[in-house]
Amino acid sequence: LLARALSWATRAILRAPRGVLLVGLVSAGLCLVATVCWMGFKTSRLDLLNPESEYNQRWLAFLDEFGSDDDAVVIVEGAGADGVGVAIDRLTETLEREPDYFHTVLSKIDIEPLRHKALHYLAPDQLQRVNQVVAELRPAIAGNWNHLELSNQWKRCNDALDHLHQSASPDQLAYVQHVCDQLSALVSGLAEALQRAGGDTPAAPARHHFDRSGLGFLAEQLMRDSPLGAMASHECGHLLFNDGRTGILLVRMTQTRTNQLGQGSRAHGRLLEILEQDQADFPETTLGLTGLPILENDEMRTSQNDMIVAGLVSLLGVAALFVAGFGGVRLPLLTVAALLVGMAWSFGYVTLAVGHLNILSISFSVILIGLGIDFGIHYVARYAQLRTEGSSTDEALPRTAAVVGPGIITGGVTTALAFFTAGLTHFTGVAELGIIAGGGILLTIVAALVVLPALIRMAEPDDADWCPPRPLPFASLCAPSTGIPRLVIIAVVAATAVLALGTTRLRFDHNLLNLQAEGLDSVAWEHRLLDSSDRSVWFAVSVAESRQELFRRKAAFEELSTVHHTEEIASLLPERDTQHEQAIRQLNQQLSHLPESVPLLPVTPRAPLMVELQRTV
């Protein structure tokens, strides 16, 4: 039934070969236009994984919580920390001036923004001291700024000295010294104002800021004594290692939501330009670039370029081998032309069915060239044989379709089904490759059975006496092996056994860097980063539900021989305490109504000031 249907279809094609060919070429052109306009490229390795899988669900949840942008890593190598730091600062300034390309730049650890949360880092006794000072200043907070006039300030100093006789603690000594310093500064300012008032210059009003009244001093002191102060003194500065000879700069690139290859290609190119410019300004340092988005961009770019080259080489190689083996030029070139039409259809199919290519499925064109050409070879070989026997073109083509067509369809469909089966896997990269390659093979079958007959009918002479070129006599070359079947089987079994020994040396290579093309700068810099420090762009993430669980997990990880080191942020954050947070909220409520600037304080009356001065004496 299949042979009869193919024979009938071929005869219909032969009645209008130009129309069939025109429809084929126009549809192929439309498919290429659709590919150029709507075909996408996914460079992320995350796009290779099944979003429904358990492990990927955990990763996607992590990205939802912490963001999906990866860091490009700029590496600066130099003779010392000073030169490396200067180069990093220069790069930071340049990158921050270009928000269209880069939206986040991290060059150093700076905990200054955490100062606004410093109260959360205080111990309960330290927070109690803050409450005491706020209580002491409550009249000023309520609007009675006379509380801060000179006589009252002097009274506070005297009270502090009285307490000092009772408990001479270091904190009390520091506080008294601070109050005395503030009084000295205030008196000096008043004396200067009085001097100006006695001359031609108008007297300047004396201002005394609220943050210098004792609360600001206490905040600074507590800040130094808190864990935040310890971080500020030990963990701030540039991201340096190797005794300051190597520094890194983390950059997040602005993504352009387009279908172009590599969404970060535009920012990637600009980053390379900036590094090249700064390298000329800092010849004593060496600048490099790596990081996951850079590796992925380089990977996809080189893959695309290599696939184009591999596709052209394989197509030319197949055509050359076809010509050499077949003994002619015309029929092999017609077969390649039909294959190209089928591949154009395949690109349109990919655009409609999947919409994008990834790092694995980008290789499908080479697969189609290797497998799709087989259908045309079988078809042309049988056609040439029938022409050699004296059949005309109109007679040979329907007979060819009837004889080899069922075999072509059967072989092609089974091959396509094998690829489509891969679409059932949970690994999205392989599944998409299976769907793309399976559909592409079916379309190359259509091209071999529809477009190729039309091309042959238009190009081949319809002369029954015409004899096509004779192919190489492969049958005679294989004939000797048919006389010694047992020996051939023994040789095959022996060769299989020898080759099977190679499976003992087969290992799984988990290092994704080995997937990259040799000679890429991003790969070379990543290797240098791995060899010279414990830094890497590769890491595992474990998200815990509580601090206790996190610390328990960290200890367990560090006992594993496969774990080099762990990093966590919980130890840098204060532990949540309901009473502590309630006290901070109360402080906020008390201080939330303070004005932006302190009003002018009235001149201190002489009598109360003299009382306090005499008390000090």
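Values reported hereafter were calculated over all heavy atoms of this structure, with side chains retained and with hydrogens, waters and symmetry mates removed.
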Exercise for the section: Any pair with a residue in residues 72-81 that passes salt bridge (Lys or Arg N to Asp or Glu O under 4.0 Å), sequence neighbours left out, goes on the list, sorted by first then second residue, please. Expected result: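 As it turns out, the salt bridge (Lys or Arg N to Asp or Glu O under 4.0 Å) pairs with a partner in residues 72-81, which skip direct neighbours, are E77-R528.
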Taking [X] for the side chain and [Y] for the main chain, is one N or O donor matched with an acceptor at less than 3.5 Å?
X    : Y    : result
T246 : N242 : no
N358 : S361 : yes
Q279 : F282 : yes
R553 : V543 : yes
R507 : T504 : yes
H580 : L119 : yes
N305 : R301 : yes
R547 : A570 : yes
T428 : N50  : yes

Practice task
State which residues pass ring-ring contact (aromatic ring centres under 6.0 Å, His included) with F551; sequence neighbours excluded, sorted by chain then number.
Solution key: none
Practice task
Assess whether side chain to side chain contact (heavy atoms under 4.5 Å, CB included) is satisfied between W525 and L287, documenting all intermediate values.
Solution key: CA-CA 10 Å; W525 277 106; L287 306 182; over 6 Å; no
[Y] and [X], any side-chain heavy atoms less than 4.5 Å apart:
X    : Y    : result
Q304 : F41  : yes
L289 : V73  : no
R270 : R266 : no

Practice task
Mind telling me whether F364 and F347 have parallel, tilted or perpendicular rings, with 30° and 60° as the class edges?
Solution key: perpendicular
Exercise for the section: State yes or no: are the ring centers of Y379 and F375 separated by less than 6.0 Å? Expected result: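 No, the ring of Y379 stays outside the 6.0 Å limit from the ring of F375, centre to centre.
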Exercise for the section: Report the residue from T290, N297, D298 that forms a side chain to side chain donor-acceptor pair (under 3.5 Å) with S522. Expected result: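 Of all the options given, the one that passes is D298.
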Exercise for the section: Please determine, by modelled atom types, if D306 and S303 share a side-chain donor-acceptor pair under 3.5 angstrom. Expected result: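 Their side chains do not contain a donor-acceptor pair, so the 3.5 Å distance test is not met.
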Problem - Side-chain H-bond candidate by donor/acceptor type, H356 with E432, under 3.5 Å - result: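 Looking only at side-chain atoms, E432 and H356 do form a donor-acceptor pair, the distance falling under 3.5 Å.
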Practice task
With rounding to the nearest 0.5 Å, note down the distance linking OG1 in T335 to NE2 in H378.
Solution key: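 It is 12.0 Å, given to the nearest 0.5 Å.
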Exercise for the section: Kindly check if the number of other-residue, nucleotide or ligand heavy atoms within 6.0 Å of CG (D82) is above 12? Expected result: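 At most 12 heavy atoms, drawn from other residues, nucleotides or ligands, come within 6.0 Å of this atom.
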Exercise for the section: Give a yes or no on this: more than 12 heavy atoms of other residues, nucleotides or ligands lie within 6.0 Å of atom NE2 of H527. Expected result: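 Check passes, neighbour count above 12.
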Handout entry: Residue pair L249, L95: steps toward the side chain to side chain contact (heavy atoms under 4.5 Å, CB included) verdict
Key = CA-CA 11 Å; L249 178 69; L95 296 175; 3.7 Å; yes
Exercise for the section: With S346 as reference, evaluate L368, T351, V341 under the side chain to side chain contact (heavy atoms under 4.5 Å, CB included) test and give the passing residue. Expected result: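 For S346, the side chain to side chain contact (heavy atoms under 4.5 Å, CB included) check succeeds only for L368.
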Practice task
Could you check E93 against R90 for salt bridge (charged side-chain N to carboxylate O under 4.0 Å, His left out), going step by step and ending with a plain yes or no?
Solution key: CA-CA 5 Å; E93 294 176 2; R90 168 70 175 277; 5.9 Å; no
